A.B. asks: 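My questions will all concern the structure given below.
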Amino acid sequence: MPNLRVKSQPGSGRVHHVTPESAGWTYVGFDLFRGTPVDSFSGGSTDRETCLVFVSGRGQVMVDGVDLGELGERMSPFDGPAYAVYVPAGVTWQVTATTPLELAACTAPGKPGSHPTRVIRPDQIERLTRGKGTNTRYPSNILPEDHPADSLLVVEVITPGGHTSSYPPHRHDEDDLPRQSFLEETYYHRMSKPQGFGFQRVYTDDRSLDETMLIENGDVVMVPKGYHPVAAIAGYDIYYLNVMAGPKRTWKFYNAPEHEWMLG
């Protein structure tokens, strides 16, 4: 199994490139592009759909030769929900930065023609509060299961410093609906201050997988199976962008029973 943490690379261009082949799995892909004005990034696949997420900054967007205009609003992932664009399989896209830009390209299997291209605006994104006390965190559903797509589920979450997230520990690694769905998952982490850090543990019941990772600004963590809680260190809020996909497009998870008491 590959190292579950992928460190952020300095500079510009494509600074993360997680593919099913590099991750050793089947469904989820994740790219992160970083650039300055006039830098241009492109993609598209005959058999994979894409959700472009403007993590920070703005860019001019072309999809299948159609100009969608300049999109993006926030200059930091901590400044409210994102702009995003759903791009179906079989269609190409191009984004040209008009400000300093961080652009995520979230991909999963798709079928050409099954859904139209669409812009997802911040006011169309459901913003939630989950948990209580120091387990409170704030998800924003960019591409939830009740919005059209073939495979992708995309959400971003703000976890305040000193809080836990993706907690109590849960997993979604069995194709056993309606009890649980099988979903691979990536986490792209950003810190409210660049020197910030946190921790993420990925582990199974039998501990055949049990890895606890220091997470720093810009890191990606891959979750092929198992529980995957996140802890934000005091003083540093954590933003993460989740990409999930599997054989069925639904999020049904199983809580670790020994920790479920804290939901009461």
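Just so you know, residue 1 is the first one in the sequence shown, and it goes up from there. Fair warning: this is a prediction, and the values are worked out from it, not measured in the lab. What you see below is based on every heavy atom in this structure, not just the backbone, and it leaves out hydrogens, waters and symmetry mates.
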A.B. asks: Looking just at side-chain N and O atoms, do H147 and Q124 make a donor-acceptor pair shorter than 3.5 Å?
C.D. replies: no

A.B. asks: For R190 and E102, run salt bridge (charged side-chain N to carboxylate O under 4.0 Å, His left out): C-alpha distance rounded to whole Å, both residues' side-chain angles, the deciding distance at 0.1 Å, then the answer.
C.D. replies: CA-CA 11 Å; R190 289 285 305 279; E102 278 203 338; 2.5 Å; yes

A.B. asks: Are any of the side-chain nitrogens in K252 or D176 under 4.0 Å away from the carboxylate oxygens of its partner?
C.D. replies: no

A.B. asks: Give a yes or no on whether a salt bridge exists between D31 and R14, defined as a side-chain N under 4.0 angstrom from a carboxylate O.
C.D. replies: yes

A.B. asks: Is the Y188 ring parallel, tilted or perpendicular to the H16 ring (thresholds 30°, 60°)?
C.D. replies: perpendicular

A.B. asks: Report yes or no: do V220 and I142 belong to one cluster of Ile/Leu/Val/Met/Phe/Trp/Tyr joined by side chain heavy-atom distances under 4.5 Å?
C.D. replies: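 Hydrophobic grouping puts V220 with I142.
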
A.B. asks: Closest heavy-atom contact between Y187 and S166?
C.D. replies: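 Reported closest heavy-atom pair: OH-OG, 2.6 Å.
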
A.B. asks: Less than 4.5 Å apart, side chain to side chain, heavy atoms only: is that true for F197 and L214?
C.D. replies: yes

A.B. asks: Which heavy-atom pair separates S165 from V157 by the least distance, and what is that distance?
C.D. replies: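 For S165 and V157, the tightest heavy-atom pair comes out as OG-CG1, 3.9 Å.
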
A.B. asks: Which atom pair, heavy atoms only, marks the closest approach of F78 to S192?
C.D. replies: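 Of all heavy-atom pairs spanning F78 and S192, the closest is CZ-N, 3.3 Å.
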
A.B. asks: Quick one: CG on L68 to OG1 on T117, what's the gap to the nearest 0.5 Å?
C.D. replies: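 With rounding to 0.5 Å, CG (L68) is 7.0 Å from OG1 (T117).
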
A.B. asks: Does either side chain, that of R171 or that of Y254, offer a donor lying less than 3.5 Å from an acceptor on the other one?
C.D. replies: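 No pair is found: no donor N or O on one side chain lies under 3.5 Å from an acceptor on the other.
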
A.B. asks: Does the gap between the ring centers of F54 and Y83 come in under 6.0 Å?
C.D. replies: no

A.B. asks: Would F253 and W251 count as a close aromatic pair, with their ring centres under 6.0 Å?
C.D. replies: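 They qualify: ring centres under 6.0 Å apart.
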
A.B. asks: For C51 and L152, work out which heavy atoms get closest and say how close.
C.D. replies: N-CD1, 3.6 Å

A.B. asks: May I ask you to check whether H172 and H228 place their ring centres under 6.0 Å from each other?
C.D. replies: yes

A.B. asks: I'd like to know if R179 pairs up with E174 as an ion pair, taking the criterion as any Lys NZ or Arg NE/NH1/NH2 lying under 4.0 Å from an Asp or Glu carboxylate oxygen.
C.D. replies: yes

A.B. asks: Any Lys/Arg nitrogen of K7 or E216 sitting under 4.0 Å from an Asp/Glu carboxylate oxygen of the other?
C.D. replies: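 A salt bridge links K7 with E216.
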
A.B. asks: I need the minimum non-hydrogen distance between M191 and I215, along with the two atoms involved.
C.D. replies: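 Reported closest heavy-atom pair: CE-O, 3.5 Å.
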
A.B. asks: Which heavy-atom pair separates V154 from V53 by the least distance, and what is that distance?
C.D. replies: CG1-CG2, 4.2 Å

A.B. asks: Indicate whether the side chain of D67 and that of Q60 have a donor and an acceptor atom separated by less than 3.5 Å.
C.D. replies: yes

A.B. asks: Are a donor atom and an acceptor atom from the side chains of E211 and Y203 found within less than 3.5 Å of each other?
C.D. replies: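 Short answer, no.
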
A.B. asks: Scan side-chain atoms only and decide if T164 and N135 contain a donor-acceptor pair under the 3.5 Å cut-off.
C.D. replies: yes

A.B. asks: Per the side-chain contact (heavy atoms from CB on, under 4.5 Å) rule, which among T107, L103, I120 passes with L52?
C.D. replies: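 That would be L103; it is the only one of T107, L103, I120 passing the side-chain contact (heavy atoms from CB on, under 4.5 Å) with L52.
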
A.B. asks: Side chains of V61 and Q94: does their closest heavy-atom pair fall under 4.5 Å?
C.D. replies: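 A side-chain contact under 4.5 Å is absent here.
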
A.B. asks: Please determine if R249 and D150 form a salt bridge, counting it only when a charged side-chain N lies under 4.0 Å from a carboxylate O.
C.D. replies: no

A.B. asks: Given the rule that I, L, V, M, F, W and Y join up when any side-chain heavy atoms are under 4.5 Å apart, are I125 and V55 in one cluster?
C.D. replies: yes

